[in-house]
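To start, the structure itself, in structure tokens.
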Amino acid sequence: MKLYSTNNPNHIVDLEEAVFKGLPSDNGLYMPTEIPTLPKTFFENIEKYSNQEIAFEVCKALFNGYISDENIKIIIEKSVTFESPAVLVENNIYSLELYHGPTLAFKDFGARFMAQLMAFFLNKRESNINILVATSGDTGGAVANGFHKTKGINITILYPSGKVSSVQEKQLTTLGENITALEIDGTFDDCQKLVKTAFLDAELTEKLNLSSANSINIARLIPQSFYYYFTYAQLKKLGKPLVFSVPSGNFGNICAGMIAHKMGLPIHHFVASVNANDTFVKFLQSGNYNPKPSVETLSNAMDVGNPSNFVRINELFHKNLGEIKNHVTGYTFNDTETRDSIREIYDRTGYMMDPHGAVGYLGLMKYLKSEKDDLIGVFLHTAHPAKFIDTYDSDLKPKVEIPKALEHLDNLEKVSIKMKNDFNELKKYLLN
Ligand SMILES: *Cc1c(COP(=O)(O)O)cnc(C)c1O
């Protein structure tokens, strides 16, 4: 498997380099030079495969001999460890629950797979690395959990003090061992800037073997394509075309679905469902991509004004707006619509959604209304409602089921290192 930089097709690296560098030095994004197609017989028999077997076939085709079958199996056995059921909510509408992992958000898929892939490469090299990651909430917990106790990898998470939910903070600060949480007196943007500055610091990168766990890492993208296949395997028997609506922020999740589609997975259409951060929707309307500062919404993991995977989507469709529009439709929804839909669907069906899933649901319904064909709609339900319980009205709060994965957090003590928003302080800490 080879990857190129979207800024320079001649800049080609192998998977190991792409995974540890995260980003090419020319500031592009890594993309596979070839996206293979899976054989027809695979799709004809897919319902007979287990999820791990499906993930294996996808990796085997993509890696193309770069990692042995035996090692791919080990990586998958350790990372694809929880279910992602497509649950019927109402007639022809399914919720793809991606929140049954340890931190109750779909980012567990990417973080766990990346941890195992890195551990595999490091085992070969017998060296240690230090990963720095800035988080606004969900990523930090998933990365901490995915990499916890992984040999040879130390994780330092920077999070903005007082600006993550109490559940998220517990998930970041209670694991210990190879995980350290730095509580920064600043915003998420400050944390991200500190991390970026660290990567540009020659002394730090040289002495610490720094690496990133950023969402644009190809090792996080690949496993996010798996559950599109799992869903197809589950719903194929219905015999109708599938539409996937993806609540999107950085557009990594939907981009992974588009890669699955390129590999032959029958997907009728994608819906990019966004909150008030509507840069991509505006692009579909006008053909102009104008990033803007993010605005805060209820579905805060999607508060992204400049979706980093836009370039990858543009590459997949040969930078052709018409081609993009043939595959994906975009809709934007405000917080009132999101809140109302959570209540409406609960009152009508008894099914509880989180604010991100609700945006996905709204986009799906809007698209299906505009279509005459008989279709099956699936919205990606990216986080468990309990993770965002603070945002629910007081009468709805008690209806949210609290999963076991959260109960034990109550008894754990937060451990963080408080730090000013000051690069020199961070550097001094890291070097010690
Ligand atoms: C990260 C996240 C998203 C957005 O996913 P992208 O890949 O950035 O588009 C949606 N929902 C939840 C709960 C998330 O944590």
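For ligands, and for the atoms within them, numbers begin at 1 and follow the listed sequence. Residue indices begin at 1 and follow the sequence shown.
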Counting neighbours of NZ on Lys196 that are heavy atoms of other residues, nucleotides or ligands and sit closer than 6.0 Å, is the number greater than 12? no
Enclosure of Lys319 NZ (heavy-atom neighbours >12, cutoff 6.0 Å): no
4.0 Å heavy-atom contact, Tyr99 with ligand 1: no
Check: [X] N/O within less than 3.5 Å of ligand 1 N/O:
{"X": "Ala301", "answer": "no"}
{"X": "Asn250", "answer": "yes"}
{"X": "Lys107", "answer": "yes"}
{"X": "Ser248", "answer": "no"}
{"X": "Phe388", "answer": "no"}
{"X": "Gln224", "answer": "no"}

Let's go through Lys292 and Asp278 carefully: what are the C-alpha distance in whole Å and the side-chain angles of both, what is the deciding distance for salt bridge (Lys or Arg N to Asp or Glu O under 4.0 Å) to 0.1 Å, and is it a yes or a no? CA-CA 9 Å; Lys292 48 189 181 185; Asp278 60 356; 2.6 Å; yes
Element-labelled atoms of ligand 1 that are located less than 4.0 Å from some non-hydrogen atom of [X]:
{"X": "Pro247", "value": "4 (C), 10 (C)"}
{"X": "Ala383", "value": "13 (C)"}
{"X": "Gly252", "value": "6 (P), 7 (O), 9 (O)"}
{"X": "Asp138", "value": "13 (C), 14 (C), 15 (O)"}

Would you please classify the geometry between the Phe63 ring and the Phe113 ring as parallel, tilted or perpendicular, with 30° and 60° separating the classes? tilted
Mind checking whether Phe270 and His261 have parallel, tilted or perpendicular rings, split at 30° and 60°? perpendicular
Check for me whether Lys387 meets the cation-pi criterion with Tyr99, that is, NZ or CZ under 6.0 Å from the six-membered ring centre and within 45 degrees of the ring axis. no
Cation over ring, Lys21 on Tyr30, under 6.0 Å and within 45°? no
Starting from [atom], what is the nearest protein heavy atom, named by residue and atom, and what distance separates them?
{"atom": "atom 12 (C) of ligand 1", "answer": "Thr382 OG1, 3.4 Å"}
{"atom": "atom 4 (C) of ligand 1", "answer": "Gly249 N, 3.7 Å"}
{"atom": "atom 5 (O) of ligand 1", "answer": "Phe106 CZ, 3.5 Å"}

Is the gap between the ring centers of Phe310 and Phe283 under 6.0 Å? yes
Of the side chain and backbone of Asn253, name the one, both, or neither that has a heavy atom under 4.0 Å from an atom of ligand 1. both
Side chain proximity check, His356 to Asn275, heavy atoms < 4.5 angstrom: no
Are any of the side-chain heavy atoms of Ser95 and Tyr351 separated by less than 4.5 Å? yes
